[in-house]
Amino acid sequence: MRIFNFPFYLLLLLALWSASAPASAVAQDQPRAAVEGQAEKLNETIDKGRTDLAAARSRIDALKQQVAAYANDDARLVDLKAEVEEATRTIIAISVSLRPRFEAIKSRLAELGDPPAEGQPPEADIVTSERKQLGAERSLINALTGEAEDLSISATSLSNQITDIRRRLFTETLFKRSDISVDSFNIAGKALVAEMADLQRAFGSWIKFVWKFKRLPLLTAVLLSLFAAMIFLVGSYRLFGHFTHRDRTVVDPPYIARLSFAFWSTMIQTLSLVAFLASSFFFMNSFNVLRADIAPIISSALGFTGAVYFVGRLTHAVFAPGRPDWRLVRVSNTGAHQLDWAILAMAFVSGVDYVFSGISEALGSPVILTVMKSFAASLVVGLILFIISFLRPVLAVSGDPEERGRPWPRLMAILLRLTGVALVVACVTGYVGLARFVATQIVLTGAVVATMYIGILCGKAVGKRGAFAETRLGVYLGARYGLGPVALDQIGLAAGLGIYAFALMTGVPLILLSWGFQVGDLEQWAYRLFTEIRIGNISISLMSILGGVLLFVFGLLMTRWLQKWIDGNVMDRSQVDAGVRNSVKTGVGYLGVAVAGLIGISAAGLDLSSFALVAGALSLGVGFGLQNIVSNFVSGLILLVERPFKVGDWVVTGTTEGFVKRISVRATEIETFQRQSIMVPNSLFINASVGNWTHRNKLGRADISVVVSYDSDPRRIMQLLKEIAEGHPKVLRNPAPMAIFSAFGEATMTFELRAYLADIVNGGEVRNDLRLAIFERFRQEGLGMPFKKEDGVPKDPPEEDETREPLPEAKPEPRPAPVVNAQSGKSIG
């Protein structure tokens with residue numbers, strides 16, 4: 001048998017060896033295949049990174065050439081700067097896309113450890129191969145990251161170069177000196193005649209072409225623009241219509257009404273006109289109605305119309321020439337008319353200069369013509385300012401606007417004269433660009449700043465305590481929705497902040513544009529403001545923060561809805577007691593707020609690792625000053641989960657006794673029998689003894705002490721007490737009431753009636769009923785004389801205090817100590 005079995009065992013061993021060999025080979029091939037798959041994936045990432053970097057490099061080189069070609073075109077430089085910054089963000093995105101793989105490689109190499117030193121046992125071939133592969137990958141990623149950083153530095157340098165070129169252009173334009181001579185005026189005059197002829201021919205040919213071939217698109221563009229303006233105007237009047245007209249019946253309107261009218265009438269009517277002008281240009285340009293040489297002229301003419309109308313509306317609202325009671329400044333009627341016309345004249349002259357400059361640029365007129373136009377406009381503005389300084393617009397001392405006004409304050413008059421003289425001197429000396437810039441800012445920036453100031457004053461007046469409730473809108477909201485003074489005051493505060501924001505968001509961009517900044521500059525600043533604000537190493541995005549706040553608010557609303565749904569449907573239909581419902585509702589609230597907070601923080605893009613130092617300081621504070629707060633918080637969670645008592649229970653802890661009204665995260669609210677609310681820290685319920693009269697059920701025992709004289713029969717007393725208890729409807733028959741002989745006194749005997757109640761909360765009422773019944777029954781039986789007799793005359797009892805029991809009890813009833821119910825296992829008394 002042994003010889004027969006030996007070949008069998010040998011064949012079995014050979015079969016097992018042959019079966020295990022391929023398996024081990026497969027096991028060795030699996031890590032190799034994984035490494036090859038990772039390498040192939042990395043090669044795709046690296047190839048894509050190389051391609052993107054090459055495209056970005058080509059784009060940066062092309063932008064450098066364009067910057068050199070358009071070094072004198074400020075508007076084109078703004079667009080080029082935006083393209084450079086977009087290319088920079090693309091480069092940074094390429095570097096960021098490689099970072100996860102780099103961190104994974106770094107983590108894997110840390111797991112593999114260092115290669116074995118000389119003399120140590122060699123490691124597996126697969127480990128050595130993986131380490132080499134990871135090292136090669138890391139080198140490639142480092143090379144690409146370094147290349148991206150170099151390209152990013154080059155793009156940043158190009159962006160800074162564009163900024164320097166624009167600053168140099170602005171300075172050269174502003175302080176460039178022109179030749180002001182008779183020959184210059186002659187040349188400008190001839191150029192003006194030629195320009196007018198060119199303008200007539202250009203407009204004549206364009207109008208004939210449009211009316212013949214573009215009539216329908218032109219009419220469609222005008223109708224669409226009118227429709228857009230009407231929508232804006234009607235919507236604005238429905239919201240703010242009562243702010244845009246003066247109430248003729250009001251004799252002395254309040255200051256808030258005057259501010260509201262001045263601000264909203266100016267803004268709404270101006271924005272309506274601007275909407276019409278902007279939509280007209282947009283639709284005509286979209287329908288190919290405008291030619292390349294006509295579009296700049298139309299654009300400047302529309303801008304002139306909007307600017308002059310804005311200044312006219314503002315001055316008319318502020319000075320109110322025909323309504324002195326609606327005037328915002330203390331000037332006379334004559335002064336109001338003079339200042340209104342003077343400011344409107346300066347705006348008209350500056351606007352005409354702007355239109356003529358657009359015409360000269362569109363028709364390619366000589367530069368000397370543009371200089372002479374600006375010279376004339378700036379000179380007129382300077383002369384108007386000089387003349388204004390000699391007016392007498394200030395309201396008379398008597399306060400009557402019809403009387404002749406007083407002159408300007410000395411400082412104001414000197415400032416106006418110096419400004420006017422400075423403009424004239426700048427024009428005469430050849431600094432026409434500087435004079436034109438200053439004249440434009442005096443008119444346009446002054447009007448915008450005045451409007452912003454009025455808007456801020458209006459917001460301040462609306463947000464003042466109790467002011468919003470007195471406005472028409474406040475009265476309407478209060479009557480329509482039944483809002484109280486507090487709600488209207490909060491709405492007024494929000495409305496005031498909204499007016500602040502509206503004034504700043506409309507005024508600041510206009511000021512920046514008037515100071516030479518381009519629309520592209522504002523777009524770039526707005527993009528940076530809402531997408532990336534850097535404070536040290538922390539990057540903040542207002543859009544992300546806004547999204548995080550909205551998600552948190554949405555999560556909070558969903559949590560509140562879920563609480564109400566669970567409490568009103570699931571728990572209510574299941575007939576769960578109030579304590580369990582409160583615990584579940586509170587737990588869902590805490591969980592929902594925590595989840596909403598985490599989602600909001602994640603959506604906001606806040607890096608919590610940056611707050612490690614703050615977290616460390618907070619931990620230290622918890623260890624010292626905040627430990628009681630944390631202890632109460634944890635105790636609150638334990639109370640909600642363990643539920644030693646619930647809402648509605650009658651509890652006793654220390655000197656506090658009453659019903660539990662609410663269990664919050666820090667303290668538990670207890671309402672005493674005197675209706676006083678006491679906030680007890682949750683840690684006291686965990687660390688101290690707490691009596692709960694209604695823990696598992698409301699079954700309890702009411703004890704009443706009765707003191708009688710030795711003349712009475714003890715057995716008769718016990719029988720009467722038991723009969724009285726059994727006759728009360730709220731005393732339980734099982735367990736049955738009992739009466740016991742509890743103590744001997746010097747002249748009295750003490751008995752105790754023990755009655756069990758289904759609802760111990762009603763114990764006070766039952767005890768009162770039993771005491772009355774005992775008093776009446778003992779009087780009928782002639783029992784209950786606990787005092788000594790002298791000479792057959794009863795001795796007067798001492799004065800009763802508030803705590804002394806009425807007869808037949810001779811002394812105050814001591815508060816019984818808690819007794820444990822043998823059936824329910826709870827404390828009763």
Side-chain angles (χ1 to χ4, degrees), residues 78 225 228-245 256-282 299-300 302-318 328 343-344 347 350-351 354 440-463 473 492-530 542-543 546:
V78 173
S225 59
M230 288 300 297
I231 290 177
F232 185 86
L233 189 61
V234 171
S236 301
Y237 269 97
R238 288 186 65 87
L239 292 176
F240 307 102
H242 55 283
F243 290 128
T244 57
H245 65 278
I256 184 175
R258 289 181 283 165
L259 284 173
S260 299
F261 169 76
F263 181 71
W264 292 113
S265 63
T266 301
M267 296 302 299
I268 291 176
Q269 295 181 15
T270 301
L271 290 177
S272 300
L273 178 63
V274 169
F276 169 70
L277 298 176
S279 58
S280 298
F281 183 81
F282 172 77
S299 176
S300 59
L302 296 178
F304 160 76
T305 304
V308 173
Y309 181 82
F310 165 64
V311 176
R313 286 300 312 169
L314 176 63
T315 56
H316 193 72
V318 172
L328 290 179
I343 295 175
L344 186 60
S350 299
Y354 174 74
T440 304
Q441 302 318 311
I442 290 174
V443 177
L444 187 57
T445 304
V448 174
V449 171
T451 306
M452 290 175 59
Y453 181 67
I454 294 173
I456 292 174
L457 290 180
C458 180
K460 185 178 180 180
V462 170
L473 182 60
L493 181 60
L497 295 176
I499 295 174
Y500 289 160
F502 179 74
L504 293 174
M505 291 178 64
T506 54
V508 172
L510 290 176
I511 293 176
L512 294 176
L513 290 174
S514 66
W515 277 74
F517 294 96
Q518 303 291 334
V519 177
D521 294 325
L522 303 183
E523 293 176 351
Q524 294 175 23
W525 293 341
Y527 178 82
R528 292 176 184 174
L529 178 64
F530 287 102
L542 293 183
M543 291 299 296
L546 180 60

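Just so you know, residue 1 is the first one in the sequence shown, and it goes up from there. All figures in this text were calculated on a predicted structure; none of them were measured in a lab.
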| message | Test side-chain contact (heavy atoms from CB on, under 4.5 Å) on M452 and V508; report intermediate values, then the result. | response | CA-CA 9 Å; M452 290 175 59; V508 172; 4.1 Å; yes
| field | Side chain to side chain, I343 and V443, heavy atoms closer than 4.5 Å | value | no
| Residues in side chain to side chain contact (heavy atoms under 4.5 Å, CB included) contact with V274, at least two apart in sequence or another chain | T270
| task | Measure the spacing between CD1 of I454 and CH2 of W264 and express it to the nearest 0.5 Å. | result | 13.0 Å
| request: Quick one: list whatever passes side chain to side chain contact (heavy atoms under 4.5 Å, CB included) with L302, sequence neighbours left out. | output: L277, F281, I298
| request: Hey, could you give me the CZ/CD1 distance between F276 and I231, rounded to the nearest 0.5 Å? | output: 14.0 Å
Side-chain donor-acceptor pairs of residues 493-501 under 3.5 Å, sequence neighbours excluded:
| unit_1 | atom_1 | unit_2 | atom_2 | d |
| --- | --- | --- | --- | --- |
| Y500 | OH | K460 | N | 3.3 |

| task | Give a yes or no on whether the backbone of A503 and the side-chain of T506 come within a donor-acceptor separation of less than 3.5 Å. | result | yes
| said: Looking at every non-hydrogen atom in both residues, tell me the closest pair between A262 and A317 and how far apart they are. | reply: CA-CB, 3.7 Å
| task | Grab the two heavy atoms, one from L273 and one from G306, that are nearest each other, plus how far apart they are. | result | CD2-CA, 4.3 Å
| task | Please name all residues satisfying side-chain hydrogen bond (donor to acceptor under 3.5 Å, both in side chains) with S299, sequence neighbours left out, ordered by chain then number. | result | none
| note | Correct closest heavy-atom pair for G507 and V448 would be O-CG1, 3.4 Å
| Can you tell me how far the CH2 atom of W515 sits from the CG atom of L510, to the nearest 0.5 Å? | 14.5 Å
| With sequence neighbours excluded, what pairs up with A307 under the side chain to side chain contact (heavy atoms under 4.5 Å, CB included) test? | none
| said: Testing the basics here: between C458 and L259, what is the closest heavy-atom pair and its distance to 0.1 Å? | reply: N-CD1, 4.0 Å
| request: Under the side chain to side chain contact (heavy atoms under 4.5 Å, CB included) rule, collect the residues that match up with T451, sequence neighbours excluded. | output: F263, M267, F310, L314
